[in-house]
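This one's a predicted model, so the numbers in the text were calculated from it and none came from an experiment. First the proteins, then the strands, lettered A, B, ... as listed; each starts at 1.
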Amino acid sequence: MKIATFNINGIKARAAALPDWLDSAQPDVVLLQEIKSVDEAFPRELFEERGYQVETHGQKSFNGVAILSKLPLEDVTRGLPGDDSDEQARWIEATVVGKQAIRLCGLYLPNGNPAPGPKYDYKLGWMERLRARAQQLLDGEEIALMAGDYNIIPQAEDAKRPDAWREDALFRLESREAFRRIVNLGFTDAFRARVGGPGHYSFWDYQAGAWNRDDGIRIDHLLLTPQCADLLRDVGIDKEIRGFDKPSDHVPVWAEIDI
DNA sequence: ATGGCTATTCAAAATAGA
């Protein structure tokens, strides 16, 4: 089963590029972030006509996550537990049954800039809630993954120019420590389990010719529980579509799971 | 880069992104 994460930066703006990528990459499941749409306005027919079931957790203008799946989605839940006052649409979960069941968590972790400040506090608080949910998945010994736009550059090798990001909410020490607290519970970064070294990015800014200079960062990740990591067969970053017409500033990252 | 681009929104400039 090919499972991808893709921050599309607006479903309306990606009404051509996203179906084009689906048709060529043929993922079984896609976890989408930044749909920037309410549920009622999401163009589900674009995906249903390609054989995908669509589940959204949308919000007006900003944020918003969704799941597309060729197999039925079961037990769908919306919103990251731990703060009933949080109105931002950044988390969705569902179960898909292949040979075995796998729990899929799609997430759009807060950017957090400027740091320090209230937005950064929100990011760190959100990550603490994420850690709690992650621990539950481990405690249940589930075949599960948490994938999405983490807005975290894990290591210097994950940025073309790490020094430019030192004080940024995506790379400052506190952010990376919070990310490691989650990974170190026992998760596997799917991409890094298979590919080492610098030069692998999932985001290039629209500004300043970042794409042409390959000035990117790796911030979209799939974290696997041990039971899921046992089934990991392949990974990839579909970098080339960043150079196509009307691209998102992110590209898809995927994992092939033997399930 | 204290923002060079893109997307969104009660439709013009503001907000957000990373």
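- B/dA11 and B/dA1: their C1' atoms are spaced 30 Å apart (whole Å).
- The residue A/Asn7 sits close only to the backbone: its heavy atoms come under 4.0 Å of sugar-phosphate atoms, none of a base.
- The distance from atom CD1 of A/Ile152 to atom C1' of B/dG17 is 15 Å, rounded to the nearest whole Å.
- For B/dG17, the OP1/OP2 oxygens have no side-chain nitrogen or oxygen of A/His250 closer than 4.0 Å.
- If you take CG of A/Asp220 and P of B/dG17, they are 15 Å apart, rounded to a whole angstrom.
- The side chain of A/Lys246 places an N or O atom within less than 4.0 Å of a non-bridging phosphate oxygen (OP1 or OP2) of B/dA7.
- Separating the P atom of B/dT6 from that of B/dC10 is a span of 23 Å, rounded to the nearest Å.
- In this entry the distance linking CG of A/Asp249 with P of B/dG4 reads 16 Å, nearest Å.
- For B/dC5, the OP1/OP2 oxygens have no side-chain nitrogen or oxygen of A/Asn9 closer than 4.0 Å.
- Nearer to the 5' terminus of DNA chain B, by closest-nucleotide assignment, is the contact made by A/Gly209 (compared with the other of A/Gly209 and A/Phe62).
- To the nearest angstrom, P of B/dG17 lies 15 Å from OH of A/Tyr120.
- Counted by atom type alone, A/Gln88 and A/Asn63 present one or more donor-acceptor pairs between their side chains at under 3.5 Å.
- When each of B/dA18, B/dT8, B/dG3 is scored by its nearest atom to the side-chain atoms of A/Gln207, the top-ranked nucleotide is B/dG3.
- The phosphate of B/dG17 (OP1 or OP2) has a side-chain N or O of A/Lys119 nearer than 4.0 angstrom.
- Taking for each of A/Ala208 and A/Arg14 the nucleotide of DNA chain B with the nearest heavy atom, the 5'-most of the two is the partner of A/Ala208.
- If you look at A/Tyr108 and A/Phe62, their ring centroids are not closer than 6.0 Å.
- Among the atoms of the strands shown, none is found under 4.0 Å from any heavy atom of A/Asp168.
- Spacing of C1' atoms, B/dG17 relative to B/dG4, comes out at 15 Å, to the nearest Å.
- Under the 4.5 Å side-chain criterion, counting only non-hydrogen atoms from C-beta, A/Lys119 is not in contact with A/Asn111.
- Comparing the P positions of B/dA12 and B/dT2 gives a spacing of 30 Å, expressed to the nearest Å.
- Between A/Trp21 and A/Phe244, the ring center distance fails the sub-6.0 Å criterion.
- Atoms CG (A/Asp149) and C1' (B/dA16) sit 13 Å apart, rounded to a whole Å.
- Using a 4.5 Å heavy-atom threshold, the side chains of A/Asp214 and A/Trp204 count as touching.
- Atom CZ in A/Arg90 sits about 7 Å away from atom P in B/dG17, given to the nearest Å.
- Remark: the separation of the P atoms in B/dA14 and B/dG3 is 14 Å, to the nearest Å.
- The CG-C1' distance, from A/Asn111 to B/dG3, rounds to 14 Å in whole Å.
- Residue A/Lys60 has no polar side-chain atom (N or O) positioned under 4.0 Å from OP1 or OP2 of B/dA7.
- Separating the CG atom of A/Asp205 from the C1' atom of B/dA1 is a distance of 12 Å, rounded to the nearest angstrom.
- Counting non-hydrogen atoms under 4.0 angstrom, A/Tyr108 reaches the backbone sugars and phosphates but no base.
- Residues A/Trp91 and A/Glu93 have side chains that bring a donor and an acceptor to within less than 3.5 angstrom of each other.
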